[in-house]
Amino acid sequence: MKSHFLLLCLIVCVASASSIPTLCHEVERLALLKFKQGFSIYHSVSIDPFAYPKTRYWKSSGNATSDCCEWDGIECDEHNGHVIGLDLSSSLLYGSILPNCTLFELVHLQALDLSDNNLRYSTIPSQLGRLLNLKYFNLSQSRVSGQVPIEVSTLLKLISLDLSLNIELSSGAQLLQIQNPSLSMLVKNLTTLEILKLSQVNISSPVPQTLANLTSLKILHLQNCSLNGSFSEGIFQLPELQFLNLAIITYLSGYVPEIPRSSKLKTLILSCTSFFGQLLLSIENASFLEILSLSSCNFEGSIPSSFGKLTRLTSLDLSHNNFIGIIPHSITNLALLSTLSLSDNGL
C-alpha cells in the first residue's frame with residue numbers, strides 16, 4: 001500500500017514538473033536585450049506592408065514578461081529553455097551587425113532570420129561560425145554588404161541559406177559578393193542544403209561543379225548573380241530539385257539536358273541567359289512543371305509536341321528565341337495555361 005502511495009506521489013510530481021513552463025536562460029535574455037539596444041525602429045526600412053517592431057515589447061522588467069521565451073520572434077527549446085529560433089524578419093530594424101554582436105552568444109540557435117530590415121551595409125561577421133547548430137539562415141533584403149565569410153562553410157547543419165536581394169535601392173548595385181572564398185568553397189561541405197538563394201549576389205565566377213553534389217537541394221535561386229561559363233547538366237538532374245531560377249545571367253551558357261522521369265521540377269526559369277540548343281522530347285518527363293520561362297535565350301529548332309503532356313503548366317514563355325516550324329497542336333491540351341508567349345521566333 002505504501003509503495004503504491006509513493007508511486008502515485010512520484011507520478012504527480014513528474015506531471016507537475018512537466019507542466020511548469022521552462023524559463024529562458026538569463027545569459028541569453030541579456031544577450032537579446034543588448035542586441036535590441038543596438039537598433040532603432042524606422043517604419044520605412046521594411047518592404048513588407050505588414051512589418052511591425054517585434055522587439056518593441058522585449059523588456060527586462062515591468063508589466064511585460066521578462067521571460068524571453070514569451071517574446072515575439074523568439075522560440076525556445078521546450079525542454080531546456082535555450083533560445084533556438086530568432087525570427088526578426090520585417091521588424092523595422094535599423095542598425096549594424098558588429099563582430100561583438102551578442103546574437104553570436106546564442107550558440108543553440110537553429111534558425112536566424114533578419115530579412116527585410118536595414119543592417120546599414122554591415123558585413124557578415126566571421127563570428128557567425130560560432131552558431132554551429134544553425135539550420136536556417138536568412139539575411140535577404142537586409143542591406144548587408146561585402147564578402148560572405150568562409151565561416152558559412154562550417155555551418156554543416158544548414159538546410160536553408162538565403163542571402164538574396166541585398167542591393168542598393170537607388171541604383172540596383174549589388175552589395176554582397178562571393179568571390180574569395182568562392183561559391184565552391186562555401187557550399188561544398190553543406191551537404192544538407194535544401195534551399196539556396198543567392199539572387200543579386202555578385203559571384204562572378206564559373207558555375208561550381210559542387211552544386212551538382214548537393215543531392216538534397218530543392219530550391220536554387222541564382223538570378224542576376226554574374227555567374228559565367230557552362231551550367232552543369234547534373235544540376236538539372238538533382239533528384240529533389242523543384243525550383244531553378246537562373247534568369248538574367250548574360251554570360252551563363254548551357255543546354256537543357258535529358259530530363260529524368262523522376263524529375264520533381266515545378267519551376268524552370270532560364271530567361272536572359274545564353275542557353276542554347278534544341279528542347280528534347282524528354283521535356284515531357286518534367287510532369288510537375290508549372291512555370292517554364294526560356295525567353296531571350298538562343299534556343300532553336302521546333303517546339304516539341306511533348307509539351308502537350310505538361311498538363312500542370314500555368315505559364316509558358318518561349319519568346320525571343322530561334323524556334324521555327326509550326327506551333328504544336330498539343331499545346332491546346334494545357335487546360336491550366338494562363339500565360340503563353342511565343343513572340344519573336346520563326347514560328
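For the single chain, residues carry numbers from 1 onward in sequence order.
In this structure, C68 and V83 have side chains that are in contact, with non-hydrogen atoms separated by less than 4.5 Å. No side-chain heavy atom of V107 sits less than 4.5 Å from a side-chain heavy atom of N133. You'll find the side chain of L198 reaches within 4.5 Å of the side chain of I203, heavy atoms only. Taking 4.5 Å as the limit, some side-chain heavy atom of L112 sits within range of a side-chain heavy atom of L103. D113 has its side chain out of reach of L86: every pair of non-hydrogen atoms, C-beta onward, lies at least 4.5 Å apart. Two residues are said to be in side-chain contact when any heavy atoms from C-beta on lie closer than 4.5 Å; I97 and F39 meet this criterion. Side-chain contact between T55 and I41: present, with at least one pair of heavy atoms (C-beta onward) separated by less than 4.5 Å. Side-chain contact between L252 and V207: present, with at least one pair of heavy atoms (C-beta onward) separated by less than 4.5 Å.
Residue E240 holds its CD atom at 7.0 Å from OG of S216, rounded to the nearest 0.5 Å. Expressed to the nearest 0.5 Å, how far CG of L246 lies from OG of S293 amounts to 11.0 Å. To the nearest 0.5 Å, atoms CG (L196) and CG (L222) are separated by 6.0 Å. For the atom pair CG of L294 and SG of C272, the computed distance is 11.5 Å after rounding to the nearest 0.5 Å. Note that the CG atom of N298 and the NE2 atom of H320 stand 13.0 Å from one another [nearest 0.5 Å]. Here the OH-OG distance, from Y94 to S46, works out to 13.0 Å after rounding to the nearest 0.5 Å.
Residue G81 comes nearest to E28 through the heavy atom pair O-OE1, 4.0 Å, listed as atom of the first residue, atom of the second, then distance. The shortest heavy-atom contact between S91 and K54 is OG-CD, 3.2 Å. Of all the heavy atoms in V148 and L186, the pair that sits closest is CG1-CD1, 3.8 Å. The two atoms that bring P328 and I303 nearest to each other are CG-O, 3.7 Å, heavy atoms only. Of all heavy-atom pairs spanning N245 and Q223, the tightest one is ND2-OE1, 3.1 Å. Closest heavy-atom contact between L336 and R312: CD1-CA, 4.1 Å.
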Worksheet item: Are D87 and S89 close enough, and set up right, to give a side-chain hydrogen bond (donor to acceptor under 3.5 Å, both in side chains), and what steps lead you there?
Response: CA-CA 6 Å; D87 179 5; S89 59; 2.7 Å; yes
Worksheet item: Can you list the steps and then say if Q242 with T267 is a side-chain contact (heavy atoms from CB on, under 4.5 Å)?
Response: CA-CA 6 Å; Q242 298 178 28; T267 297; over 6 Å; no
Worksheet entry | side-chain hydrogen bond (donor to acceptor under 3.5 Å, both in side chains) between Q110 and Y136, intermediate numbers included | CA-CA 6 Å; Q110 297 178 24; Y136 304 92; over 6 Å; no
Discussion item. Applying side-chain hydrogen bond (donor to acceptor under 3.5 Å, both in side chains) to S271 and S295, what does each step give before you reach the verdict?
Written reply: CA-CA 5 Å; S271 301; S295 64; 3.0 Å; yes
Item to complete: Could you please spell out the steps behind the side-chain contact (heavy atoms from CB on, under 4.5 Å) verdict for F276 and N322?
Response: CA-CA 9 Å; F276 61 91; N322 301 306; over 6 Å; no
Fill in: Candidate pair S319 and D344, rule side-chain contact (heavy atoms from CB on, under 4.5 Å), full reasoning
CA-CA 6 Å; S319 62; D344 289 299; 5.5 Å; no
Item to complete: For the pair C76 and C69, evaluate disulfide (SG to SG under 2.5 Å) and give the outcome as yes or no after the intermediate values.
Response: CA-CA 6 Å; C76 291; C69 293; 2.2 Å; yes
Worksheet entry | Stepwise side-chain contact (heavy atoms from CB on, under 4.5 Å) check, L139 with S115 | CA-CA 5 Å; L139 285 180; S115 63; over 6 Å; no
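Side-chain atoms of E258 never come within 3.5 Å of backbone atoms of I283 as a donor-acceptor pair (strictly under, hydrogens ignored). At least one donor-acceptor pair closer than 3.5 Å links the side chain of S263 to the backbone N or O of L265. The backbone N or O of L98 lies less than 3.5 Å from no partner atom in the side chain of S96, so there is not a single donor-acceptor pair. Side chain of Q147 to main chain of P181: a donor-acceptor pair is present (N/O by atom type, distance under 3.5 Å, no hydrogens or angles). When atom types are taken as modelled, the side chain of N117 and the backbone of L88 share a donor-acceptor pair closer than 3.5 angstrom. Checking side-chain atoms of D317 against main-chain N and O of L340 turns up no donor-acceptor pair under 3.5 Å. Under the 3.5 Å distance criterion, the side-chain polar atoms of S145 are left unmatched by any main-chain donor or acceptor of L176. Between the side chain of N321 and the backbone N or O of C297 there is at least one donor-acceptor pair closer than 3.5 Å. The main-chain N or O of I259 is found under 3.5 Å from a side-chain atom of N285 such that the two form a donor-acceptor pair. No donor-acceptor distance shorter than 3.5 angstrom exists from the side chain of N213 to the backbone of L211, with no hydrogens or angles considered.
Between the side chains of Q141 and D116, no donor N or O sits under 3.5 Å from an acceptor N or O. Side-chain contact of Y52 with D72: a donor-acceptor pair under 3.5 Å is present, judged by distance alone. The closest side-chain donor-acceptor pair between Y121 and E168 falls under 3.5 angstrom. Using modelled atom types, one finds a donor on one side chain and an acceptor on the other under 3.5 Å when comparing N202 with S204.
A continuous path of hydrophobic side-chain contacts links F275 to L292 [ILVMFWY only; heavy atoms under 4.5 Å]. A single hydrophobic cluster is not seen to contain both V152 and L165; linkage of ILVMFWY side chains at heavy-atom distances under 4.5 Å, directly or through other members, places them apart. Both L33 and F35 are assigned to one and the same hydrophobic cluster, defined by single-linkage of ILVMFWY side chains at heavy-atom distances under 4.5 Å. No chain of hydrophobic side-chain contacts below 4.5 Å, direct or via other Ile, Leu, Val, Met, Phe, Trp or Tyr residues, connects L241 to I269. Residue L313 is grouped with residue L342 when hydrophobic side chains (ILVMFWY) are merged at heavy-atom distances under 4.5 angstrom, including chains of intermediate members.
Environment of NZ in K36: crowded, with over 12 heavy atoms of neighbouring residues, nucleotides or ligands closer than 6.0 Å.
Side-chain rings of F236 and F231 approach one another, their centers coming within less than 6.0 Å.
A salt bridge links K218 with E194: the distance from a Lys NZ or Arg NE/NH1/NH2 to an Asp or Glu carboxylate oxygen falls below 4.0 Å.
Ring pair F299/F323 is parallel by interplanar angle, where below 30° counts as parallel and above 60° as perpendicular.
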